[in-house]
Amino acid sequence: MTTDDYKTRVQEILDFITEIALGTYTYTLPLRNQKDELEQIVVSLNTMVEEIDTAVHQINHEKSKEVFENIVFNLDRNFHITSYSDNVEEILDYTNSELLNMPVRLLIGNNTELPDDLYQLLKHAIEENLSFKVEFKHRSGYIWRGIGYLHGMIAKGKKSYTLSVFKAAYQNHKLNNTGNSKSRSAKYPSQYRSLLLHDQRELVRKLHQYVMERLDRTLPKISVIGIEVGCSVSKIKTIFKRAYGDTIYAYHRRKRLEKAYTLIKNTSLPFSEISEECGFLSLAHFSRSFKKTYGITPTQTRNS
């Protein structure tokens with residue numbers, strides 16, 4: 001990486017951290033095809049955004065509600081944007097003059113499952129009533145992910161298309177991020193953004209640290225965990241489930257597999273070492289668990 005590229009990447013990371021500090025947990029920062037310290041920081045930041053969003057909205061879940069963001073693009077027969085829903089400019093931070101007549105491909109991230117022949121995708125999606133994953137690029141380089149549906153439209157004999165993309169999000173009256181990005185960037189995060197009671201935050205922090213420090217081994221019985229963190233078993237179950245939407249053991253397993261995925265993609269370590277580093281009893285057990293979660297084997301992941 002050249003010095004200029006390095007400085008640019010550092011600035012992207014700093015801008016992303018600013019968005020997180022302002023209470024924006026909707027985006028992630030795309031990874032580059034490089035294996036260096038900066039990309040490890042990006043991986044950690046993307047994971048942190050997920051954890052913050054879950055903690056803020058699910059520990060006091062009665063104060064938050066799940067809603068769906070939906071952005072819509074109308075496209076001509078060449079898949080150029082002819083119109084769009086009024087929330088697109090706010091979510092992706094582009095102007096009307098930039099969006100109109102833009103090929104929709106220029107907004108779509110690299111991991112979107114769109115083949116070169118969009119007509120074939122459209123035909124298949126309509127026939128099978130299928131959805132597909134979509135990534136849109138924010139002006140600042142962030143990624144907004146959702147599930148898309150592509151529909152064919154006929155008007156006065158002319159063919160056009162509608163691309164509708166949905167994303168689950170949380171909404172809370174004390175975490176209202178309405179308004180344009182310029183007005184938000186001038187404000188320091190409100191003291192009301194934290195909805196968590198101090199003792200709950202502290203317990204979640206301790207439990208999360210407990211889990212993340214033990215990704216190389218299995219967790220003990222929950223009664224032992226309770227003794228070690230100084231909390232009752234029932235409180236651990238309740239608070240952890242609210243914070244992360246899963247049991248402490250399922251969450252621990254997921255994080256071990258995420259660690260394994262990162263090691264497979266970013267290192268040349270043998271699978272046997274990765275399996276041991278991530279706390280699996282055998283390579284066979286690791287391979288089965290990995291394929292069950294990601295749908296492909298560790299070898300296929302490394303070669304992809």
- Residue pair Y249 / P220: nearest heavy atoms and the distance that separates them: OH-O, 2.6 Å
- 4.5 Å side-chain heavy-atom contact, K7 and Q11: no
- Task: Please examine the side chains of E39 and I13, heavy atoms only from C-beta on, and report whether any two atoms are closer than 4.5 Å.
- Result: no
- Find out if a path of hydrophobic residues (ILVMFWY) with successive side-chain heavy-atom gaps under 4.5 Å connects I227 to L207. no
- Heavy-atom side-chain proximity of K265 to V43 below 4.5 angstrom: no
- For the rings on F136 and F73, is their centre-to-centre separation under 6.0 Å? yes
- Query: Quick one: salt bridge (Lys or Arg N to Asp or Glu O under 4.0 Å) partners of E273, sequence neighbours excluded?
  - Reply: none
- Note on the structure: Here the gap from L29 atom CG to I41 atom CD1, rounded to the nearest 0.5 Å, amounts to 11.0 Å
- Provide the full list of ring pair (Phe, Tyr, Trp, His ring centres under 6.0 Å) pairs with a residue in residues 211-239, sequence neighbours left out, each pair given once. none
- Query: Rounded to the nearest 0.5 Å, how far apart are CD1 of I81 and CD of E98?
  - Reply: 11.0 Å
- For R205, salt bridge (Lys or Arg N to Asp or Glu O under 4.0 Å) partners two or more places apart: E202
- Message: Is the shortest side-chain heavy-atom distance between V134 and R145 below 4.5 Å?
- Response: no
- When you measure from the centre of the six-membered ring of F280, is the NZ or CZ of R256 under 6.0 Å away and within 45° of the axis? yes
- Item | Smallest separation among heavy atoms of S289 and R253, with atom names | CB-NH2, 3.6 Å
- Show your working on side-chain contact (heavy atoms from CB on, under 4.5 Å) between L269 and E277 and close with a plain yes or no. CA-CA 10 Å; L269 287 173; E277 178 71 18; over 6 Å; no
- Message: Contact between E89 and Y84 at the side-chain level, heavy atoms closer than 4.5 Å - yes or no?
- Response: yes
- Query: Partners of R214 by salt bridge (Lys or Arg N to Asp or Glu O under 4.0 Å), sequence neighbours excluded?
  - Reply: E228
- Check the pair L219, Y210 against side-chain contact (heavy atoms from CB on, under 4.5 Å), reporting the backbone distance first and the verdict last. CA-CA 9 Å; L219 292 180; Y210 187 93; 4.0 Å; yes
- Kindly compute the distance separating CZ (F271) from CZ (F290), expressed to the nearest 0.5 Å. 8.0 Å
- Item | Interatomic distance, L75 atom CG to T162 atom OG1 [nearest 0.5 angstrom] | 7.0 Å
- Item | Aromatic centroids of F79 and Y161 separated by under 6.0 Å | yes
- Item | hydrophobic_cluster_shared for L100 and V104, side chain cutoff 4.5 Å | yes
- side-chain contact (heavy atoms from CB on, under 4.5 Å) between T262 and Q40, intermediate numbers included: CA-CA 9 Å; T262 300; Q40 290 302 312; 4.0 Å; yes
- Item | Which atom of Y244 lies closest to which atom of V204, heavy atoms considered | OH-CG1, 3.5 Å
- Take atom CD of E12 as the centre, draw a 6.0 Å sphere, and report whether it contains more than 12 heavy atoms from other residues, nucleotides or ligands. yes
- Between D93 and R139, what is the shortest heavy-atom contact and its length? O-NE, 2.6 Å
- Could you check if a side-chain atom of K241 sits within less than 4.5 angstrom of a side-chain atom of Y251, using non-hydrogen atoms only? no
- Query: Do the non-hydrogen side-chain atoms of L163 and V72 ever get within less than 4.5 Å of each other?
  - Reply: no
- Message: Would you compute the distance between atom OG1 of T238 and atom NZ of K235 and round it to the nearest 0.5 angstrom?
- Response: 9.5 Å
- Query: Yes or no on side-chain contact (heavy atoms from CB on, under 4.5 Å) for I239 and C231, after CA distance, side-chain angles and deciding distance?
  - Reply: CA-CA 11 Å; I239 295 299; C231 181; over 6 Å; no
- Item | Smallest separation among heavy atoms of S275 and S282, with atom names | OG-O, 3.3 Å
- For the residue pair D76 and T82, confirm or rule out a side-chain donor-acceptor distance under 3.5 Å. no
- Item | Y94 with L106, same ILVMFWY side-chain cluster at under 4.5 Å | yes
- Message: Hydrophobic clustering (ILVMFWY, side-chain heavy atoms < 4.5 Å, transitive) - are L203 and V224 grouped together?
- Response: no
- What one should report as the nearest heavy-atom pair of R302 and T267 is NH2-O, 3.0 Å
- Item | Hydrophobic cluster identity match, L281 and F286, side-chain contacts under 4.5 Å | no
- Trace of the side-chain hydrogen bond (donor to acceptor under 3.5 Å, both in side chains) decision for T299 with T297: CA-CA 5 Å; T299 300; T297 66; 4.6 Å; no
- What pairs with S164 under side chain to side chain donor-acceptor pair (under 3.5 Å), at least two apart in sequence or on another chain? N70
- ring-ring contact (aromatic ring centres under 6.0 Å, His included) partners for H80, two or more places apart: none
- State, yes or no, whether a side-chain contact exists between I222 and T247 at a heavy-atom distance under 4.5 Å. no
- Just how far is it from atom NZ of K237 to atom CD1 of I225, taken to the nearest 0.5 Å? 10.5 Å
